[in-house]
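In what follows, chains carry the letters A, B, and so on, assigned in the order in which the sequence lines appear, proteins first and then strands, with residues in each chain numbered from 1.
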Amino acid sequence: MARPHEDAYLEAFDTYADALFRHASSRLSDRERARDVTQDTFTRAWDYLVAGNEIRQWRSFLYRVLNNLIIDEYRRKKEVSLDALLENEGASEALTASGSRRESEEALDKTFAIEQLRMLLRTLPEPHQSVLVLRYIDGLTPGEIAGTLEISENAVAVRIHRATERLRTLCKNRHII
Amino acid sequence: MNAPLETLLQKTPRETLTEAERGRMRTRLADYAAFRPVRAPSRAGATRGTAWWLPQRAMAFATAFLVLLVGAGGSAYAAEGSLPGDLLYPIKVGVTEPAVSALTPRGAAQASWQMQLAERRITEAAALAKEGRLSSNAETALATRFTRAAQAAAADTESGGDPVTESLASAEFTTRLAAYDHVLAQSRAETTGGIRTAIRVAIASRNKQAEDHIVAVVAATSTPEENMASKSRARADLRTLGQAARAAVRHATDTVELAGSQLDATTSVSAHDALSAASTLVRQGEAQLEAHDDEGATKSFRASMDAATRLDVFTRAAATLQINAFDDNASSSPSDDGSSTTTDEVSAGDAGAAVIQGVIRIKQREKNSDTRE
């Protein structure tokens, strides 16, 4: 018996699972949750097909579902605020306490800065966070992001600009850049 | 730090799924899809489609022509659900499966795939037997293919990766084989002797492999220094075992939930009882681990894994083959040696027991060493 839906479904998994997991793990601090959310994305997609719907653009569809699941995750866990995050993270104490100029000169600090940057990224409002992860970590073009978020390409460009500026300000305040 | 923000963002670390995580997720999703098939849309009202003007005979030819045009790819999809004796079965075992084997990396991923192939051959035998279509020739061919896949899985299991993970994968496979043997016994079919013999041979081979592995581990901890190192390793291994037990229970929970409406009331109750027993064993193991009762924790985690693995196989058999393999023993508590197998068909827990024995032997060596000191 032919199984076109199953085949398309597993092909979509083979094609997008890694990218979706990467996206989820960039936005959720817990690897296990990122894995669960990635799997849930695919089960939701299958449920959508079972309900008699059709998926024409798998990537856009899957990113949309993933994004919604991540938002649900934030709401459920009430992700900690930036201040709380910085207070709780041992590493950040060194950052806020010293803010040293030496950081900008040593290679090791680059790794530290990247880790701090990732932490700050997770504190941005959801629309800004998702657009930056899609652009710079997932490597999607503005056109592809527009299709994924179902907004105009112009709106994507504006959102990326605002998100970048916001993140830049946060980073400067903490001497990361 | 003068690097532009965009550059830093691009350099943030990217988490990736491991091969094992990817494989497990894919299997679960394939199961999910199999349990909840997409129903074909109603054909009512579709008779006036784009080719409504073609005479019926011409439509038939056109359809056949399209099938030919689709070629190997389409045939491969169609062949996936075929059984020995079906027209498309040779495509499944001669084209599709070898292609996947060739594309799957060696090591844990290949071992997992070969285990799936071995299980496929068993379920095909069970399905044919249930339909009264399992001829002697078909059974011999299935037994041969099963053995080939089981041997390939064994070879790839010992690929030089983490020995504990490999041992657990091997033990889980053995438990699954024994559970399938039980399913075949419950199918009441008279013509599954050949495949069951092949299963027993594979299990015996696995048990020998597990025992050899344990002997090697124990031999490697013969010096006091190595013995000291083995203490901390044993603790870490126990935590790995605990994680594996929790994962097995989660997987079994998924399977029971997915099977849902396809289970009759009796089977559903048995499945939930078995699930409850497996969960209890995990909690028991966690409490024992906390209390530094390592032997007790090892037994509980192993028993939980066995129970969850059997539950998974039995639930699949109930949902897809309509064979009720649950019995009073399926959800029973484990025996003292940690093996919860109680059927008289074949021992399900020998490989698991070998893992347990290995841990116990290492512990005994540690105790002896402590006494001498």
Side-chain angles (χ1 to χ4, degrees), chain A residues 1-7 9-10 12-14 17-26 31 34-36 38-39 42-43 45-47 49-53 103-106 109-118 121 132-133 135-139 160 164-165 167-168 171-172 175-177, chain B residues 1-42 66-67 70 73-83 86 88 96 100 103-104 243 246-247 250-251 254 257-258:
Chain A
M1 195 175 72
R3 305 186 309 166
H5 290 102
E6 285 88 338
D7 183 70
Y9 180 60
L10 291 177
F13 175 83
D14 292 339
D18 285 331
L20 294 173
F21 174 72
R22 193 170 57 229
H23 182 96
S25 59
S26 294
R31 177 185 172 85
R35 203 173 52 208
D36 289 347
T38 305
Q39 182 168 305
F42 283 99
T43 55
W46 184 254
D47 291 343
L49 290 174
V50 169
N53 302 300
E103 285 174 352
S104 63
E105 299 166 1
E106 296 178 3
D109 289 340
K110 192 169 181 181
T111 309
F112 182 69
I114 287 173
E115 192 47 46
Q116 294 300 314
L117 180 66
R118 189 155 80 158
L121 181 65
L132 286 182
V133 172
R135 180 72 186 100
Y136 296 111
I137 294 177
D138 300 334
I160 288 175
T164 308
E165 287 311 305
L167 185 60
R168 196 189 307 280
C171 288
K172 279 182 176 169
H175 310 289
I176 294 173
I177 56 173
Chain B
M1 176 71 56
N2 296 319
L5 181 61
E6 292 81 354
T7 309
L8 277 181
L9 273 171
Q10 284 164 348
K11 286 182 178 169
T12 55
R14 279 124 168 98
E15 297 265 5
T16 53
L17 288 168
T18 64
E19 280 295 332
E21 284 175 330
R22 205 169 199 283
R24 276 197 298 274
M25 197 184 290
R26 196 180 197 280
T27 303
R28 283 183 193 184
L29 292 169
D31 288 346
Y32 190 73
F35 278 126
R36 303 194 65 210
V38 174
R39 304 288 173 208
S42 167
L66 279 174
V67 167
V70 169
S75 301
Y77 305 145
E80 272 299 290
S82 62
L83 291 172
D86 292 348
L88 294 175
T96 315
V100 175
L103 292 171
T104 305
Q243 285 169 358
R246 282 187 286 277
R250 272 204 305 272
H251 192 177
D254 288 350
E257 282 177 5
L258 294 175

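Annotation: the span from B:Glu21 atom CD to A:Arg31 atom CZ amounts to 4.0 Å, rounded to 0.5 Å. Atoms CG and CD, on B:Leu17 and A:Gln39 in that order, are 10.5 Å from each other to the nearest 0.5 Å.
Residue B:Glu15 touches chain A through both its backbone and its side chain, counting heavy-atom pairs closer than 4.5 Å. A:Ile137 touches chain B through backbone and side chain together, each having a heavy atom under 4.5 Å away. For A:Tyr9, the part lying under 4.5 angstrom from a heavy atom of chain B is the side chain only. Heavy atoms of B:Asp31 lying under 4.5 Å from chain A are absent altogether.
Counting only heavy atoms from C-beta outward, the side chains of A:Phe21 and B:Arg22 never approach each other to under 4.5 Å. The shortest distance between side-chain heavy atoms of B:Arg250 and A:Asp36 does not fall below 4.5 Å. By the 4.5 Å heavy-atom criterion applied to side chains, B:Leu29 and A:Trp46 are not counted as neighbours. Taking 4.5 Å as the limit, every side-chain heavy atom of A:Thr43 sits out of range of all side-chain heavy atoms of B:Arg28.
Counting heavy-atom pairs closer than 4.5 Å to chain B, the top-ranked of the candidates A:Leu49, A:Leu10, A:Leu121 is A:Leu10.
Under the side chain to side chain donor-acceptor pair (under 3.5 Å) criterion, A:Arg118 pairs with no residue, sequence neighbours left out.
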